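Below, each value reflects all heavy atoms present in this structure, side chains not excepted, and no hydrogens, waters or symmetry copies. Bear in mind that the values here come from a model prediction, so they are computed numbers and not experimental data.
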Amino acid sequence: MRTTKVCIALLAGLLCGLFSGLPSGARAQALIDPATLNKDIREAVLRVPVSVQDAYGRDIAGDLLVTTFKPNGPGPFPLLIISHGRNSDKRSEYGRQRFESAARFFVRKGFAVASPLRLGYGELAQLGDPESSQSCSKPIYAPALNAAAQQIIAVARAMAAQADVDASRLVLVGQSVGGIATVAAAAERPPGLVAAINFAGGHGGSPTLRRGEPCQAEQLKRLFQRYGEFNARADLPTPTLWIYTENDMYFAPHHSRDWAEAYRHGGGLVDYRLLPAIGDDGHRLFAAANDVWQPLVDEFLARQGFTQTGLMKAPPDTDFAPLNDVEALPLRGWSAQEGYKKFLMAKKPRAFALNTEGEFGYASGEDVLSRALGFCQKRKGKPCSFYAVDDKVVWRPQ
């Protein structure tokens with residue numbers, strides 16, 4: 001593998017220049033407008049060159065587009081890497097991977113977060129597809145997952161070179177193919193690894209052609225056992241948390257239970273959680289059910305020594321003003337008042353935040369507290385406070 005180089009797109013306006021490994025059409029796509037990056041969680045973009053092999057031993061190389069988020073302050077911060085899943089039919093349409101709600105949770109816990117777009121996706125799709133399992137009748141999973149794991153490890157190595165990152169405290173997180181790739185990467189025992197979290201991990205699933213039944217599930221079971229064996233060879237096996245749901249349209253519960261048991265039989269440490277049905281497809285729990293999984297992950301990571309909580313609680317209500325009194329809003333101006341009116345019409349749960357800089361933001365639905373603050377703080381990065389949550393005004397004048 002080539003020596004890892006890093007090019008950071010700083011919030012001050014610098015853009016990456018390491019585009020030599022990209023097709024010409026991808027270079028324009030890769031340019032990131034610094035004005036779109038969230039200042040409050042220090043969002044930035046870097047390039048990490050990697051080279052891996054596909055199932056047939058062919059080399060595929062390119063510069064991964066990695067989105068990073070960090071807490072305020074000098075650090076050093078423990079490192080957490082989030083790995084995305086796979087849609088074979090739409091892999092060329094993938095954009096920069098952010099997982100903003102999850103990233104904000106982990107930043108609140110004190111982590112520097114990195115989320116790479118791997119080879120075979122988005123702007124890198126034209127370079128090849130090292131994560132393809134080739135066929136359903138005779139899938140070749142091990143090389144695909146090894147390629148993904150090596151990219152995760154390369155990103156960890158690149159991030160560890162940054163002065164404000166603590167390379168001795170690494171956590172890996174992944175969803176779907178990114179989940180099983182996270183388990184594969186953990187089996188490689190990268191330096192500093194403390195824990196790994198697998199959300200709905202697996203490969204070869206199709207919610208339309210084979211609902212809940214991935215291609216050759218027994219092969220995946222053997223592979224999970226093998227990863228458990230590799231993990232067990234370490235002096236201190238890595239604790240892992242696996243989270244699945246009852247209505248996963250890719251991997252039915254009997255498969256995820258079998259895989260967790262195989263991993264445990266191999267000697268791996270696994271805390272397996274099967275959650276009730278979530279929405280129409282529980283496979284999306286990582287992106288669509290932050291309110292459900294964050295308490296579980298917060299508790300798991302606290303046991304591994306990351307005791308700073310990432311959870312948010314609404315402040316108590318105050319008697320500052322009646323909820324529907326738009327004129328009482330501390331911000332003056334048409335824009336803020338119209339925004340607050342939209343908040344009042346939104347379904348619960350909902351939250352509205354503002355600050356003395358004239359910024360405001362509101363959200364409804366899932367993960368409302370974090371999202372409302374994020375909308376308020378993203379442009380200038382100045383701290384915001386909640387004005388109203390659900391049917392209560394919670395504002396306390398500074």
- request: Could you walk me through whether R104 and I41 pass side chain to side chain contact (heavy atoms under 4.5 Å, CB included), step by step?
  value: CA-CA 7 Å; R104 286 184 176 277; I41 47 177; 3.7 Å; yes
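- Considering all non-hydrogen atoms of both residues, G110 and F77 come closest at O-CB, 3.5 Å.
- Inter-residue side-chain proximity for L79 and D166 is flagged as unmet; no heavy-atom pair is nearer than 4.5 Å.
- Y263 and V270 make their closest contact through CD2-CB, 3.8 Å (heavy atoms, listed as atom of the first residue, atom of the second, distance).
- N198 contributes atom CG, which lies 13.5 Å from atom CZ of R273 (distance to the nearest 0.5 angstrom).
- Although no hydrogens or angles enter the test, the distance criterion places no donor-acceptor pair under 3.5 Å between the side chain of Q134 and the main chain of A55.
- By the neighbour-count criterion of 12 heavy atoms within 6.0 Å, atom NZ of K342 is sparsely surrounded, having that number or fewer from other residues, nucleotides or ligands.
- A donor-acceptor pair under 3.5 Å is formed between the side chain of N355 and the backbone N or O of E359.
- A donor-acceptor contact closer than 3.5 angstrom links the side chains of H255 and E213.
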field: F375 vs L373, side chain to side chain contact (heavy atoms under 4.5 Å, CB included): CA-CA, chis, key distance, verdict
entry: CA-CA 6 Å; F375 292 144; L373 283 183; over 6 Å; no
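- A perpendicular orientation is assigned to the rings of H283 and F251, their planes being inclined by more than 60° (bins at 30° and 60°).
- Between the side chains of R96 and T67, at least one donor-acceptor pair of N or O atoms lies under 3.5 Å.
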Step-by-step ring pair (Phe, Tyr, Trp, His ring centres under 6.0 Å) determination, Y387 to Y362: CA-CA 10 Å; Y387 179 79; Y362 67 91; over 10 Å; no
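- Inspection of the K221 and Q216 side chains reveals no N or O donor paired with an N or O acceptor under 3.5 Å.
- Taking the six-membered ring for Trp and the full ring otherwise, the centers of F343 and Y340 sit less than 6.0 Å from each other.
- Two residues are said to be in side-chain contact when any heavy atoms from C-beta on lie closer than 4.5 Å; V173 and I81 fail this criterion.
- Rounded to the nearest 0.5 angstrom, D258 CG and E261 CD are separated by 8.5 Å.
- Between Y244 and Y272, the ring-plane angle classifies as tilted under the 30° and 60° cut-offs.
- With L46 as reference, V66 is the one residue of V66, D63, L65 to meet the side-chain contact (heavy atoms from CB on, under 4.5 Å) rule.
- A salt bridge links R58 and D54; the closest N-O separation between the charged side-chain nitrogens and carboxylate oxygens is under 4.0 Å.
- In terms of heavy-atom proximity, P191 sits nearest to L170 at O-CD2, 3.9 Å.
- Under a 3.5 Å cut-off, the side chain of R210 and the backbone N or O of G204 do form a donor-acceptor pair.
- Electrostatic pairing of D319 and K392 does not count as a salt bridge here, judged by no charged N lying under 4.0 Å from a carboxylate O.
- W395 and F320 have perpendicular rings, their planes meeting at more than 60° on a 0 to 90° scale where under 30° would count as parallel.
- Applying the side-chain contact (heavy atoms from CB on, under 4.5 Å) test to T238 and every residue at least two apart in sequence or in another chain returns R189, L193, N231.
- For the salt bridge (charged side-chain N to carboxylate O under 4.0 Å, His left out) with E123, the qualifying choice from R91, R118, R47 is R47, the only one to do so.
- The main-chain N or O of T318 is never found under 3.5 Å from a side-chain atom of R396 such that the two would form a donor-acceptor pair.
- For S132 (side chain) and D129 (main-chain N/O), no donor-acceptor pair under 3.5 Å exists by modelled atom type.
- Checked against the 6.0 Å centroid criterion, the rings of W293 and F199 qualify as a close aromatic pair.
- Across all non-hydrogen atoms, the minimal contact from D248 to A200 is OD2-CB, 3.5 Å.
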Evaluation steps, side chain to side chain contact (heavy atoms under 4.5 Å, CB included), between L285 and V292: CA-CA 8 Å; L285 82 155; V292 175; over 6 Å; no
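- Look at D390 and R350 and you find no salt bridge, because none of the NZ, NE, NH1 or NH2 atoms lies under 4.0 Å from a carboxylate O.
- Counting only distance, with no hydrogens or angles, the side chain of T240 and the backbone of L269 share a donor-acceptor pair below 3.5 Å.
- E188 contributes no side-chain N or O that, together with a main-chain N or O of F230, makes up a donor-acceptor pair within less than 3.5 Å.
- In summary, the side chains of R108 and S370 do present a donor paired with an acceptor at a separation below 3.5 Å, with no hydrogens or angles considered.
- Side-chain N or O atoms of Q377 include one that pairs as donor or acceptor with a backbone N or O of C384 at under 3.5 Å.
- Q337 contributes no side-chain N or O that, together with a main-chain N or O of S335, makes up a donor-acceptor pair within less than 3.5 Å.
- Closest heavy-atom contact between I153 and P190: CG1-CB, 4.2 Å.
- Clustering ILVMFWY residues whenever any of their side-chain heavy atoms sit less than 4.5 angstrom apart, transitively, puts L323 in a cluster other than the one holding F386.
- Listed for the E43 side chain is no donor-acceptor partner under 3.5 Å among the backbone atoms of K39.
- Shortest non-hydrogen contact noted between R169 and V194 is CA-CG2, 3.9 Å.
- Between D40 and K378 no salt bridge is recorded (no basic side-chain N to carboxylate O distance below 4.0 Å).
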- request: Go through F306 and D298 one step at a time and tell me if the side chain to side chain contact (heavy atoms under 4.5 Å, CB included) criterion holds.
  value: CA-CA 8 Å; F306 303 101; D298 202 60; over 6 Å; no
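- Salt-bridge check for D281 with R211: failed, with every basic side-chain N at 4.0 Å or more from each acidic carboxylate O.
- Close placement of the H84 and Y121 rings is indicated, their centers lying within 6.0 Å of each other.
- Salt-bridge annotation for E229 and R226: absent, with no side-chain N of the basic residue lying under 4.0 Å from a carboxylate O of the acidic one.
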